[in-house]
Amino acid sequence: LSLKGTLSPFPILINNLGQLYSIPCSDWNEDHVSSWLQAIGIKPEHIQKLKAEEVTGPVLLNINESYLKKLGLGGGQIQLLLSKRDELLDKSKTIKKRGENREEAKHEVVSSSDVTSPEQPLLSSDLTETSVSLPQSRYRKFNDNDEHFSYIKHAILPPETGIDNLITPCHEYKSLENACKLELRKLKIKFASEVIQFACACMNMRANGTIHFGVMDKTKTSYKHGEIIGIPIEDKEIFQEALDYIENCFPALHSDARKCIKTPKFIPIVDKSSQTQNWIVEVDVVPMVNIVRDKLYGARIPKFNEKTNKVEYEQKAYYQRVGPNTPRITEDEHVSFIQALKDLDQKREQEENNQNQTQAHFKEDLERKLLVLLTRGKKYMDNTLRYILVSNRFDQENLQNIKFLAQMNIFCVFDYDPDSKSSGLCHNYKEHHAVNLHFLHDYDHRENTVDLIKKLQLFDRTSWIFCNGRSDYNGGESPCDEKTWIKTKKKLLKRAVSVICNEILPKGSFVVLFILTSDVEQPLVDTFHEFYAEMSGHEDIVIISVSRENYKKWSSLAQVSCSLDTLEQISVVGMPMSHVNATIQVHQLTCHQDGCLPVSNNGVCFIKSVDVEHMNSLEVVCVDQCDETNVNLMEQEQIQKIEQYFYQGGKIDWVNMWLADNNKCEEVIKRDAYAEINKMLEDLERSDSLKRSIENINIYHEPGSGGSTVARQILWNWRKKMRCAVVKQSYQATTVCEHAVQLWNYEEVDKNACLPVLLLLEDCNADYQDDLRRELSNAVTTMKISPSKLCFIILCCKRSLDPERMCTALPLRTVGVTHKLSPAEKKLFSKKAGSLKLKFEPEFILTFVLMSEEFEQSYITGFVENLLKEIDHSSLQTQLIKFVALLNSHIENSYLSISHCEAFLGLGIHLDKFDKMAKPSTSTWIDELKSSETHISSVRIIHHLIAKEILKQLSSYQSQSEIARSLLQDKVLFDHRFGRDDFRKFVRDLFIKRTKKSKGDPNDSWFSPLIEHVRETEDVEKLAYTRFDEDAFVAQQLARLLNENKNFEEAEIWAKRAKSHLPQHIYILDTLGQVYKKWFYRMKNSIRIALECVSEDLARFQNFTSEEEEELAEGEPETVNNPRKWLLRKSAVYAKLFFHDIQEDEASDANIVSPLMRQMKIFQLGGGNVTTILYLLSDNNKQRAGAKLEKIINLFPVDLNKDLDQTELINFIFCQIVLSCASPGSGKIDETAYLLLSLLFWPEDSSNTRSDVVMNAIKALQRYSEIKSTSSRKGRIFTHFFLGKARGLNKIVHKTTIEKFCKGTLILSN
């Protein structure tokens, strides 16, 4: 895997550290901290760990060395982090102190002559805090009365400018930092003097200009040039009245000055850290040519005389703009300046005319902008992207134009309209789609992400999140005002956005769309801030604003996170909703329409999309599936990508077959198995055939042989004859059954005439299949449908490494698909390969090429050898290949998410950036997967045989055990939050999941395939135990491995450790028993040798006895004189407990047999537990089974109450019941068997007492059933006995008796 680029694996929220430092550290989130850690040089794996631990700014400020050690950071990394953190603290304090001192900074009051002098050059020594880069700002639109515009405190405006052209305004800054503290009269004079001087220069230069007050013009303090500071304003009239000096300053031409000098504009400053509102005061000067033509303006600048306490006016002077300064026109320049005025007037007039023409003719291509933003540059909109919609109140006119939303793949909606469900957007949207109604607190979860997704059904229907409550909801979620919302719901919003962006939807798989249709309020803007932060910038955020006024207010508030220029780039402003609706619909690949289903009268009926979505456990395949696709929008390149994805090993899509049917791409080959299954369905469809209400057809296929393609081809080609659907196995069988029944009788009148439903189950376990069949059977019985009426066909498609063997179990309803091609198939594949090679390079359809070669091992070996030539075995890319190959070789359907690849390689990548590794491109053998439910992108090697060969060849450099060890030790992969559950499951399965013939594997393995391969390497299992938080089953597997390796002492330790976690688990208890059993038998084989050795040692002490021992010996000479005989005798007594075979005469009298011997013999005969007792009935020779049961009963003592514990008593009763079934006339049936009958109290007459007891028992059983249904399924439940109409023990009937009168097994004849 060679990945180009050196992008960061961590989302960078800001463009540089300067922008990061502009945000208070206490406000940093995990992404801010990750960006800072990366910048200071912390290793990526440690950054990931800290991010996983949710280390935010406040946590960073208080973090200590001991905590970092617990997280696994080395000493050097800890020292670096803490020292840089301390520097950050110092910097934060400096910035804070600077902010506090700014109001106290002293500037000398400059005279008007000082103001007119050229500005001194900027010196580096004048700048402080140069390492802190403040955010850039832009100007208010010139001569525009935008009441919503605002500036950000400490943002930087561009440097002061001279005259570029006469229309583009020049800019001059005045801080008024000290002047604003003067008394109001002096402030007014200071403001007037600066405005008059600047305006005079602009009028003489015929140039537009703006003078800004509250922006730093000097850099001798800690401020930067152009930094927005603002001034406090108590009375705005002071600044407006200051322009009254115009009449005295321009005695002859004051009317012109009044026309050119515009009213002051007061721009608010946004400052989250301050409660005081500061302002920027701006005055625009617009010298229109019809006002200033042929005129030179001189001005008398006012100033305050401290001695007389009066306003005085300087001598009249003429001013001009020279660069960013406003000097006087000297006497030497006066004549030449007047002569140049004519040219300036002409130029001004020409530029005014050009500006009017430009404004009249300029039209932004909003259609193209909208499409590019919503589709990431595609020419059409399809379902490859999900959309998150954020909206406020829609009026009725706009609600008539939302059809485009019904055709978008909307994941969720953040709705700020409390009336949306009753009369707003939600109400209208529900007419087209089913929705799940949520509130913000629903996303404040504590369970794992998988459980949250299931609970909220996030990928089944659009989730509608009411962010400000619902007016029609009585559950305590009432709407609130803005201030209350900030207090109560803002934190919940932050959590919801974080969960969606970081745990549910991968970056790059979704677009956030803000639609502004009514007045903008702060909560809506806060939502933008949160998405901007969690998505690390503006990428994949789009704003549509119908009103320009709304957008102005929006952008003013949103610029706290994003610059105004960037906001404009991602915004479509002023486009009516009707135009938006029409524009997007034209470019949508599919148009929303109701589907069609076949009906029993050979016609069709419409099925609403809402109804289909309510059957969310099924993927319904309609008669007109994909007909809504606008193929004219699809480029040939896109069609080829669909084909290539399939021929490279991806699952076939319905649109692939639809394109083939419409001759837009080549037809997909139908393997021989297709014809076999097709014939089975035709046989079942015929009314004269013997049918049952539920039928099964099984497909077993080798991976990569096309079995799943065959199954989907069947559904596609039968969708007009039957109702077809794919089952989503994430739902319980009861839910699937409910939806299947709804599909079966949808729009049908006569239930006995309904068409069958063909359900596809892909790679499901046998329990799930049986459960679904049982639920469907119960449903058919409840509806009183004729037993011979075919209602449901379950088409079960499973992977198997031995499909042909699996066919023998049910040959009439099972088809096997192997890599081996029939002669007819070889011709088809050869022909198809030739046509595909004209369109694609062979390496880009590798799976098809391998299949054409019947997965010949020599071909695979040669391919992999060529693939791995000149590979760098020390690179991270190669290590990643090893990990993927290890998973794909041993774990079916395993993969590694792109997100994990990014984290491991330390590169911000997408799959299309996977490039070359040595010679070959990884795109030829790495397959991109995208979940149909979650759209999570992941990678796998295109075929498990390729993966096995890669692993085999790479294992010569690093063994599988070493690869597994490296995988377990990789903290980055295990700590990566996104897709963590799937990854951990795959790695855990490496150590505990065994192969089973019953599941289609070639053999029943004793251990997982990986452990079978590395049996002697026990330390890998120990490492796995630690990695998976002391998992009991990993400990159990380790105990089994140690037991197999005859390391019994350590095996006992690990078995007991597993038992300590799950004390009652039968498999773990069995493992502990197996350890003791094997250990004991090993001791048995060497017991004689051991006795010889011990006796030799004892012989040395044969003459040593104490007086007490001689007294206790009671004349046994061998104790003293023959230690060998003594030891043998004592050992024989002990061994007799385990090895003594009970003779027939002994067995006849159970009371003379020791309890231990009796129990061992009962276990030996099969009477040790209920399962083995019931298993005796499976013996076809009932006489033999009866004889064995009589022997078992003989071993029980006479006094049952005294000598038997509860478990033994239960076993005895079951032995009685089973004996009555195996040998009804046996004389060994004891009266104690009727104890069980007295508990059941099955009514045999009209006794009310019995009926009451039975009803109470049934209620208890119902309660048990309810408890069981809510718990997770641990194993299958089998019914052994049924209660019949006979009396006494004869009423208990075993299932084998019933099966004699049924066709097939009892399970298959529900």
For [X] and [Y], which I'm curious about, is there any donor-acceptor pair between the side chains at under 3.5 Å?
X: Ser708; Y: Glu762; value: no
X: Glu619; Y: Trp654; value: yes
X: His433; Y: Thr462; value: no
X: Asn656; Y: Tyr645; value: no
X: Trp658; Y: Asp653; value: no

Begin from the C-alpha positions of Lys421 and Lys430 and carry the test side chain to side chain contact (heavy atoms under 4.5 Å, CB included) through to its verdict. CA-CA 9 Å; Lys421 182 179 181 293; Lys430 284 175 65 180; 3.9 Å; yes
What do you reckon, is [atom1] of [X] surrounded by more than 12 foreign heavy atoms closer than 6.0 Å?
X: Gln742; atom1: CD; value: yes
X: Lys664; atom1: NZ; value: no
X: Lys403; atom1: NZ; value: no
X: Lys721; atom1: NZ; value: yes
X: Glu682; atom1: CD; value: yes

Donor-acceptor pair, side chain of [X] and main chain of [Y], under 3.5 angstrom:
X: Ser800; Y: Asp802; value: yes
X: Asn630; Y: Gln588; value: no
X: Gln625; Y: Cys622; value: yes
X: His701; Y: Pro803; value: no
X: His943; Y: Pro703; value: yes
X: Lys1182; Y: Leu1177; value: yes
X: Glu775; Y: Cys737; value: no

[X] versus [Y], closest heavy-atom pair with distance:
X: Ser600; Y: Ala753; answer: CB-O, 2.9 Å
X: Cys596; Y: Val604; answer: CB-CB, 4.4 Å
X: Glu748; Y: Leu755; answer: OE2-N, 4.2 Å
X: Thr782; Y: Asn778; answer: OG1-O, 2.7 Å
X: Asn678; Y: Ile714; answer: N-CD1, 4.0 Å
X: Ser463; Y: Leu456; answer: OG-O, 4.5 Å

Geometric cation-pi criterion Arg719 and Trp716, 6.0 Å radius, 45° cone: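 Positive - Arg719 is close enough to the ring of Trp716 and near enough to its axis.
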Please confirm whether Arg723 makes a cation-pi placement over Trp744, using NZ or CZ under 6.0 Å from the six-membered ring centre and within 45° of the ring normal.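 That pair does not qualify as a cation-pi contact.
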Heavy-atom distance under 4.5 Å between the side chains of [X] and [Y], does that happen here?
X: Val621; Y: Leu760; result: no
X: Ile785; Y: Cys791; result: yes
X: His944; Y: Glu892; result: no
X: Lys789; Y: Ser693; result: no
X: Arg461; Y: Val435; result: no
X: Asp594; Y: Asp611; result: no
X: Gln769; Y: Lys798; result: yes
X: Arg805; Y: Tyr700; result: no

Stepwise side chain to side chain contact (heavy atoms under 4.5 Å, CB included) test for Ile697 and Glu676: CA-CA 11 Å; Ile697 297 177; Glu676 296 181 51; over 6 Å; no
Give, for atom [atom1] of [X] and atom [atom2] of [Y], the distance between the pair rounded to the nearest 0.5 Å.
X: Ile504; Y: Leu452; atom1: CD1; atom2: CG; answer: 5.0 Å
X: Ile1217; Y: Ile1173; atom1: CD1; atom2: CD1; answer: 11.0 Å
X: Leu743; Y: Phe792; atom1: CG; atom2: CZ; answer: 8.0 Å
X: Ile794; Y: Leu758; atom1: CD1; atom2: CG; answer: 10.0 Å

[Y]/[X] salt bridge by N-O under 4.0 Å criterion:
X: Asp981; Y: Lys985; value: no
X: Glu695; Y: Arg692; value: yes
X: Asp770; Y: Arg773; value: no
X: Arg671; Y: Glu825; value: yes

Take Arg712 and Val726 through the test side chain to side chain contact (heavy atoms under 4.5 Å, CB included) and record every step on the way to the result. CA-CA 9 Å; Arg712 289 182 171 250; Val726 181; 4.1 Å; yes
If you apply the rule side chain to side chain contact (heavy atoms under 4.5 Å, CB included), what do you find for Asn698 with Met806, and how did you get there? CA-CA 9 Å; Asn698 299 311; Met806 300 300 292; over 6 Å; no
